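Remarks on the structure that follows.
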Amino acid sequence: MMFRILKVSAIGAAPFVGYAYGIKKAEEHYHEHQDLVKESAGNVVGLFTFPASLYSNKVIAYLDYHGTPYKNIPVDYFTKEQIYFSPEYKKLPIAIIKGDQVNDSAQIVKALASGKKGTFGGGGYSKTDEKAMLIIDERVAPALNMSIFSSFESVNAVAGQYGILEKIMLPMASPLLKYKTRQNHGDAADAQNLESALKDAFNTIGKNKTPIASELALFGVLKPVYCLDQVQLAVANCGRTPWFEDIRKQCEANSKVLVA
């Protein structure tokens, strides 16, 4: 009888325990966001990301190369509770720059490079960057995503570079992500188009003594999937393997990612 009472009590209390836990997490994320807003008044950038996301890595590459201090906050795939402060916009990455929220990876890189929100090591954001970023977002990234989803082995190879959550979630989510990529990008979402898209991006960017903003964005979308043979081959066929390795070394040497 006592066991039944305890069991019923536990079941009845569950919603209240869940509610209390939700309130506690909301308070934690509120203070986390407020701290980021204060810190970003200086030159610390707050960045909310999915670690394996190509678009998140576009921004990370820019920040790492230029040695900009930033806090990288991984976002829960299911609840997205870390970005409670953005009820209307739930795509990632989201950045907090100089106290302001900036959405969309291309716009974040542009804000950093153009100096509109302060100086973050950028040399400006030109018409060339605009053109190249369109190719990266509309052709290169979709082809790279389809390279990931081309096989179970490819999905696991990319997920294996990250934490346990990515190792579980990316294989589970890959059919839906593959469908959405095809739906959003049509014919561009084909791994066979990767090399031609890369060549067009490289030709638009040109060869620069110091990488321009869109060049670092291109490196950023390549980095998470460079473990795949087909991606390495496409970069090699463009004659840019040394370019990739040079930027990777600079990013690793310069990175000032802070503990969130």
Side-chain angles (χ1 to χ4, degrees), residues 21-123 125 133 158-159 161-167 169-170 211 213 216-217 219-224 247-260:
Y21 176 78
I23 292 294
K24 181 176 181 296
K25 294 300 288 184
E27 288 179 354
E28 288 176 4
H29 294 315
Y30 171 79
H31 291 300
E32 180 181 65
H33 176 248
Q34 291 303 304
D35 289 343
L36 276 177
V37 170
K38 290 176 184 176
E39 289 179 70
S40 72
N43 281 345
V44 175
V45 174
L47 191 63
F48 295 84
T49 67
F50 287 146
S53 158
L54 306 187
Y55 299 99
S56 294
N57 277 278
K58 280 169 63 178
V59 181
I60 289 171
Y62 183 92
L63 294 168
D64 282 345
Y65 186 89
H66 288 293
T68 299
Y70 69 100
K71 285 190 174 180
N72 187 0
I73 299 94
V75 173
D76 187 289
Y77 282 89
F78 293 109
T79 65
K80 296 188 178 180
E81 61 190 37
Q82 292 82 0
I83 52 171
Y84 78 93
F85 58 85
S86 181
E88 302 298 325
Y89 187 86
K90 293 296 183 183
K91 295 180 181 179
L92 294 174
I94 292 173
I96 306 297
I97 305 173
K98 294 292 186 183
D100 294 331
Q101 178 179 333
V102 184
N103 303 329
D104 184 81
S105 59
Q107 293 305 312
I108 296 169
V109 171
K110 183 176 182 178
L112 293 168
S114 65
K116 289 181 180 178
K117 298 288 183 182
T119 302
F120 297 95
Y125 197 86
M133 200 69 84
V158 172
Q161 302 175 104
Y162 297 95
I164 187 65
L165 186 59
E166 283 72 31
K167 291 177 184 177
M169 284 303 304
L170 194 55
L216 293 172
F219 167 81
V221 297
L222 286 167
K223 185 173 179 282
I247 294 181
R248 176 156 60 182
K249 288 175 185 175
Q250 286 298 314
C251 286
E252 289 173 356
N254 299 345
S255 179
K256 290 184 182 176
V257 60
L258 307 173
V259 177

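Remember, it's a predicted structure, so these values are computed and weren't measured experimentally. Only heavy atoms go into these numbers, but all of them, side chains included; no hydrogens, no water, no symmetry mates.
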(request) Starting at CG of L216, measure out to CG of L112 and round the result to the nearest 0.5 Å. (result) 11.0 Å
(request) Give a yes or no on whether the backbone of A61 and the side-chain of K223 come within a donor-acceptor separation of less than 3.5 Å. (result) no
(message) If I take atom CZ from residue F50 and atom CG from residue L170, how far apart are they, to the nearest 0.5 angstrom?
(response) 11.5 Å
(request) Nearest 0.5 Å please: distance from the NZ atom of K90 over to the CD1 atom of I83. (result) 4.5 Å
(message) N43 vs K98, test: side chain to side chain contact (heavy atoms under 4.5 Å, CB included). Steps then yes/no.
(response) CA-CA 7 Å; N43 281 345; K98 294 292 186 183; 3.3 Å; yes
(message) Whether the side chain of N72 engages the backbone of L258 through a donor-acceptor N/O pair (distance < 3.5 Å, no angle test) should be reported.
(response) no
(message) A side-chain contact here means heavy atoms from C-beta on lying under 4.5 Å apart; do F85 and I94 qualify?
(response) yes
(request) Of all the heavy-atom pairs spanning S56 and S53, show the shortest one and how long it is. (result) N-OG, 3.1 Å
(message) Going by side-chain hydrogen bond (donor to acceptor under 3.5 Å, both in side chains), name the residues that satisfy it together with Y65, two or more places apart in sequence or in a different chain.
(response) none
(message) Within this structure, what is the OH-CG distance for the pair Y89 and D104, rounded to the nearest 0.5 Å?
(response) 5.0 Å
(request) Evaluate the criterion side chain to side chain contact (heavy atoms under 4.5 Å, CB included) for residue pair Y55 and K91; output intermediate values, then yes/no. (result) CA-CA 10 Å; Y55 299 99; K91 295 180 181 179; over 6 Å; no
(message) Quick check against the 3.5 Å criterion: does K110 have a side-chain atom that pairs as donor or acceptor with the backbone of A213?
(response) no
(message) Within the structure provided, determine whether I97 and V45 are in side-chain contact (heavy-atom separation under 4.5 Å).
(response) yes
(request) Would you indicate whether the side-chain heavy atoms of P93 and I108 approach each other to under 4.5 Å? (result) yes
(request) To the nearest 0.5 angstrom, please state how far the OG1 atom of T68 sits from the CD1 atom of I60. (result) 13.0 Å
(request) Report yes if the side chains of F48 and K80 come closer than 4.5 Å at any heavy-atom pair, otherwise no. (result) no
(message) To the nearest 0.5 Å, what is the distance between OG on S105 and CG on L47?
(response) 10.0 Å
(message) Assess the residue pair V221 and N57 against the criterion (side chain to side chain contact (heavy atoms under 4.5 Å, CB included)); give the C-alpha distance rounded to whole Å, side-chain angles, the decisive distance to 0.1 Å, and a yes or no.
(response) CA-CA 6 Å; V221 297; N57 277 278; over 6 Å; no
(request) Mind listing the closest non-hydrogen atom pair of M133 and A106 along with its distance? (result) CG-CB, 3.7 Å
(request) Examine distances only and state if a side-chain atom of E166 and a backbone atom of Q161 form a donor-acceptor pair shorter than 3.5 Å. (result) no
(message) Please determine whether the number of non-hydrogen atoms from other residues, nucleotides or ligands lying under 6.0 Å from atom NZ of K256 exceeds 12.
(response) no
(request) Only counting residues at least two apart or in another chain, list the ones meeting side-chain hydrogen bond (donor to acceptor under 3.5 Å, both in side chains) with D64. (result) Y70, S255
(request) Apply the test side chain to side chain contact (heavy atoms under 4.5 Å, CB included) to residues I96 and H33: give CA-CA distance (whole Å), side-chain angles for both, the deciding distance (0.1 Å), then the verdict. (result) CA-CA 9 Å; I96 306 297; H33 176 248; 4.0 Å; yes
